[in-house]
Amino acid sequence: MDPECSQLLPALCSVLADPRQPVADDTCLEKLLDWFKTITEAGSSLLLLQENPCLLGLLCHVLKPQDLSPRVLAFSLRLAGMLAAQEDCFQYLQQGELLPRLFGEAGPLGGAAWTAPSVRSGWIQGLRSLAAEPRFLLFLSLSPTPGAVDTIFSLQGDSSLFVASAAGQLLVHILGLSLQGAAEGHPGLQTGDWPVCAQKIVSHIEESLRSAATPQITQALNVLTTTFGHCHDPWTQVLWVRLSPLVACLLEKDPVPAAHSLVDLLLSVARSPVLSSSSCGLWETLAQTLSHLSPTQAGPLALGILKLQECPQALRAQAFAVLLQPLTCVLEATAQAPGLLDSLDGTGGASVTVDTLLPSKAACVGLLCRTLAHLELLQPLPQRPSPWPQAPLLGATVTILRLCSGSATPTSDAGGHLCAFLVGCVRVQRAALDFLGTLSQGTGPRELVTQVFAVLLEYLTSPDSSPTVLKKAFQATFRWLQSSPETPGCSDLDPHTQLFLRELLPVLPKRLCSPCWEVRDSGLEFLTQMIGHWGGQAGFRHALLASEVPELTEQLLRDPESYVRASAVAAMGQLSSQGLRVTPASPEHPGGQQKSLLAELLHILSTDSEGFPRRAVMHVFTQWLRDGHADVAGDTERFVARVLQVASQDLDWEVRAQGLELALVFLEQTLGRPSSHCPYAVTPPVAAPPSPLAQALRPLCRVQLFEFAFRALFDCDRPVAQKSCDLLLFLRAQTASYSGPQGSGSVPEVASVEAALQRWQAGDQGQPLGYLEPEVVVAVLRSMDLEGLRGVLAESSDRVEKSPQSLLQDMLATVGALGEDEADCY
Amino acid sequence: MLDCGLDMTSTLNFLPLPLVQSPRLSNLPGWSLKDGNAFLDKTELIDLSTVDVILISNYHCMMALPYITEHTGFTGTVYATEPTVQIGRLLMEELVNFIERVPKAQSASLWKNKDIQRLLPSPLKDAVEVSTWRRCYTMQEVNSALSKIQLVGYSQKIELFGAVQVTPLSSGYALGSSNWIIQSHYEKVSYVSGSSLLTTHPQPMDQASLKNSDVLVLTGLTQIPTANPDGMVGEFCSNLALTVRNGGNVLVPCYPSGVIYDLLECLYQYIDSAGLSNIPFYFISPVANSSLEFSQIFAEWLCHNKQTKVYLPEPPFPHAELIQTNKLKHYPSLHGDFSSDFRQPCVVFTGHPSLRFGDVVHFMELWGKSSLNTVIFTEPDFSYLEALAPYQPLAMKCIYCPIDTRLNFIQVSKLLKEVQPLHVVCPEQYTQPPPAQSHRMDLMIDCQPPAMSYRRAEVLALPFKRRYEKIEIMPELADSLVPMEIKPGISLATVSAVLHTKDNKHVLQPPPRPTQPTGGKKRKRASDDIPDCKVLKPLLSGSIPVEQFVQALEKHGFSDIKVEDTAKGHIVLLQEAETLIQIEEDSTHIICDNDEMLRVRLRDLVLKFLQKF
């Protein structure tokens, strides 16, 4: 500990010990503990105590009966636990009987302060830290703290969730600790031979499992779940063998108590390598649980089973059948083609009717959403069930979507009920569209795929689709279009897709005119994706050009909503890159010269009041420069100069940062380096002849790239400065071999630039640098401490404020204990 | 009589009435330009002269009023709110104006003869009861009909002949639209017609006052339950913008009041964002000006938001600003100023939604040939395909965005859960899914107990009986009563009074004192005034405990007593005296053979167990 802190500590301790002083907030105490933790981790706790007797004073002080704040009490308990975790310090504190007094009956445990949850939590956390000390278990069983374990038991049911959860975890820890030594060498050791402490905990768990009260069962199950989840020692197997009959008994109750916790426990057991490999009836229990739980509760279990790496095939089949039940019901109720039904139902498991599985609207919606989400998670996994019933799943999802839109015609009463539940249900629509999108990864029979596109089109067309549903529909459509097969031997789209596009493109203009901005925005995003993917294909180009979409997109550049303008900028950038921008004389300016898109985007960059469109413009410009877009290639230097000039004055740091990205692309193109994946990597200097490099730098100077980069270097936003620093370092590495005119560093011009830069760094960025000669630039670059700057920038901005000294000062300042201001308080 | 709406779908059987003679329309094969303007489709179910009161729910539901009140002998009163009357008048005025400005050169009615009608092409030959179709009423008839209306305000209680009290409540559907409560002292019937729970311009629906109804008559639900108004408005705006951007014109056939206010408000928010600020909006109707102005002055009938604007003060509807900035212009007709101001592309709102008369006919003829133009149907009352039939072939785009803000079935089920009426009565159509979508179980009224449905011309007995009447007691009579508590909380008193009934009000008045003969003067005979007041026997109450009664009998010397239990009570047999005492819940009989002494003794014994007052 540095001397400054040592000096401040006594004052702080006396403030904390004084009940009349307002105590600093929890965050400060938490930071203080963090600080002590780093100190004790780095050195001796005993030394810390000896050098700072005030700490011991504080710990003793809190034991006196007084009106101390619960926070300080909790803090002291945690501090004591932390300090006592080291052996010598433990002994030191034990000598004064301090620990038993703090954690035993005589301490806060029996007092009024115990009613505060923070004190109970502090007590548990203190013990938890203390548990690192080898004699902890002995300490627990020693006379002043005989009831500690019982207290922990009771705290499991604490009204504060934090306390209850910490108590459970502490129990797990104690159990693990007590068995670590004992059972390590003897894997066959039976529970009867376990240490007293472990036996006590196990009996408590058994008792809880036998209890009729659900909260107690939940606590026991949670402790076991954590135990099996964290510890894979052989003794866990012994424990499971002993407890599994009791767990199995829970299944016989109706309804099964604490089903969620039970599912968690069983999955935790199944994931444990020690337990799952042994033959301790686990799989039978899982199978039994699957069939006993209600459909809602069984879903997560089924998903968990299917995610297991190793598991009996029969159980997997059963789990999958449980997971698919709701979808089977949907197919059954709507009397789909029997073929579809068989392949879903044939996996085993009793067939359930709609009435039992989907009894009410809330239950039906909830279960379907969960099922679809579970299947969506399962679909991409390598261990997903095989064969994957792609076709029935597609059929069921399409049916659900059609039930939601009211376009399905159920033939049975059950189907009618289902229809009434689902019509217009946005939640199910969103879940089903998400899952439908995921299903695009696989194939399906042609007629089903046709149905998929039909239902997607229905959603995209329907005026009743809510904006969020529409967005999902766009996403799913794009994914299905992406997965549609390419016609062999032909680079163009397959005829079905073309047909679909022909129907889709008339829908898009209407969406782009929607009064709801979210719809316009997602329409534009979809368009951008589409152009990016198929912009080069004749069929798509033809259909797009024949529609009103390009023209409408251009009009949306002037949308009142900034997000829409940003998306329109991105879409126009794509359209223009692909040569799909149409420039007919618009009805508003008949015969008039239409503005070039470049000019229009520059206008947005310099005048738009919102950041998003400006950022989008910078992205488009960077892409254009990278791709050598025709509008840019004509006069690249003028383009870059103009963009950098506008970007440097932008108030949005992301625009400035993107400006640096564009500068980097230009730089790479100018210096003729192929862009690597790691553009900032410092590469060994290339031995280049001096004059061509000066030549090469000249365009950079002409576009005033350096002025932009230097300005960015002293940017008030750190990411910009860091990016600029990296760029300049890269540039300096490139010019390392350059040997310009000797003594360039002393040229007056260089000095004046350096002076200007110093002023900039000081915050006065008013004066421009003007045109710089390459030699001057190189000289300035060499003279700058860019590495040092990078180091400073890499440190977080609050490094000064985070020091322990400042923390202590802050805490003292809040109570006015720092001296001179004291008199003013009254 | 609850409402008198006018079913105008029969107009679809006729040709449009063009402003100028249209050679195309007059030469259509299969269409005869002979007869026109006949609307009313009703059967003479009742003698209208016997109708005492008509309650009007909203301005759409009063369009048949002149047919009811004029030339029928009707002498009753019509109740409606002020906006309903004013806007209803505008709708009627527009209708009359549309019809009258294109007078028919000739008219024919021979075809209505059933034998001839049978030969006509479909759908005319299938039209029912054409003989009852009537010509459109005149302005004079409208004025006369409207003069019979008495204005009412929301929550105002109106006594009808003392028999029932009726109260209009806000229904949230249109300016001044109401639901009605019809109640007596012990029964309450709610009439819910054309209500809306959506936030549009009118005052929100008053649901709380509908609670505790014995019967809730539910009608006027949305015509298009599958179309969500929000989605439709979005559709309307998108299609409008698309058309105009491409240089086309948009035609919106509509009524001059109602949804048009909401559409203008949506467009007000939308046009800037859609870049349509330069596009002119025209509203053409003989009553366009009045409609736009009326909407601004009925502040107390508007939703809270709009009401607060009035205090700022600002016009409650933004169409005032559209008019001020010249974006919205209104004209009484195509002639005059409009023709000089007319600029394309534009958006025109005009009537009539049936496309059979009004300025819309002209625009259909004018714009129908170009695929750049679009007609957007927003009124749900007419089948748009039938409306378009005489204009086929049509190049112009047709968009159907029916905007019906009235209750849908989900809202109905929420409403019924909230209001919890004992019985629901509704038209039969609402109790089953629409025939075209028989699987949509959600598109019907689902309530417990199941709704009672009625069909056209069916007589339905409402499921309640009037069991009680409230009777008032005059204070001086009440003063004279001497109540006696027979059970804690229940007191009884006998009362002698004169029941005075007038206008279905019942009042107990003190009986007039027998007037003392004052000698010589004329006086009414006593029997006129004084009811025959006998000396009243005391009333008895209580029950006879059989065991104690038997003991009492024994104490009084009766022996050989036998008690039999019967279904209604007991029979005490005095075998020796050959006497039978039958004790039942509400009667006691002593049956003995001509031994009056014995009977009186027994009677007195019985009376000892009863309370007298």
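Naming convention: chains lettered A, B, ... in sequence-line order (proteins, then strands); numbering from 1 in each chain.
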What part of B:Ser438 gets within 4.5 angstrom of chain A, counting heavy atoms only: side chain, backbone, both, or neither?
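Nothing of B:Ser438, per the 4.5 Å heavy-atom cut-off to chain A.
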What parts of residues 339-347 of chain B touch chain A if we use heavy atoms and a cut-off under 4.5 Å?
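Counting heavy atoms that sit under 4.5 Å from chain A, no residue of residues 339-347 of chain B is involved.
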Can you tell me how far apart NZ (A:Lys510) and SG (B:Cys237) are? Round to the nearest 0.5 Å.
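Atom-to-atom, A:Lys510:NZ and B:Cys237:SG are 12.5 Å apart.
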Taking atom CG of B:Asp442 and atom CG of A:Leu422, what is their separation to the nearest 0.5 Å?
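It comes to 10.0 Å.
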Minimum heavy-atom distance between B:Arg440 and A:Ser405, given as atom pair plus value
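Distance-wise, the nearest heavy atoms are NH1-O, 4.4 Å.
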Testing the basics here: between B:Leu242 and A:Pro509, what is the closest heavy-atom pair and its distance to 0.1 Å?
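That closest heavy-atom pairing would be CD2-CB, 3.7 Å.
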I'd like to check the ring-ring contact (aromatic ring centres under 6.0 Å, His included) partners of B:Tyr430; sequence neighbours left out, ordered by chain and number.
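Residues passing ring-ring contact (aromatic ring centres under 6.0 Å, His included) with B:Tyr430: none at all.
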My understanding is that only residues two or more places apart in sequence, or in another chain, count here; which of them pass salt bridge (Lys or Arg N to Asp or Glu O under 4.0 Å) with A:Arg511?
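Expected list: none.
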Any chance [atom1] of [X] has more than 12 other-residue heavy atoms, nucleotides or ligands included, within less than 6.0 Å?
X: B:Ile410; atom1: CD1; result: no
X: B:Phe338; atom1: CZ; result: yes
X: B:Lys414; atom1: NZ; result: no

Is there side-chain contact between A:Pro515 and B:Cys266, with heavy atoms separated by less than 4.5 Å?
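Result no, sub-4.5 Å side-chain heavy-atom pair not found.
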Are B:Met441 and A:Cys419 packed together at the side-chain level, in the sense that at least one heavy-atom pair is separated by less than 4.5 angstrom?
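B:Met441 vs A:Cys419: side chains apart.
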Checking B:Tyr270 against A:Cys513 for the side chain to side chain contact (heavy atoms under 4.5 Å, CB included) test, could you report, in this order, the C-alpha distance in whole Å, the side-chain angles of both residues, the deciding distance, and whether it holds?
CA-CA 10 Å; B:Tyr270 177 65; A:Cys513 288; 3.7 Å; yes
Salt bridge flag under 4.0 Å for residues A:Glu551 and B:Arg245
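Salt bridge absent between A:Glu551 and B:Arg245.
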The criterion is side-chain hydrogen bond (donor to acceptor under 3.5 Å, both in side chains); which residues satisfy it with A:Glu600, sequence neighbours excluded?
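Partners of A:Glu600 under the side-chain hydrogen bond (donor to acceptor under 3.5 Å, both in side chains) test: A:Arg558.
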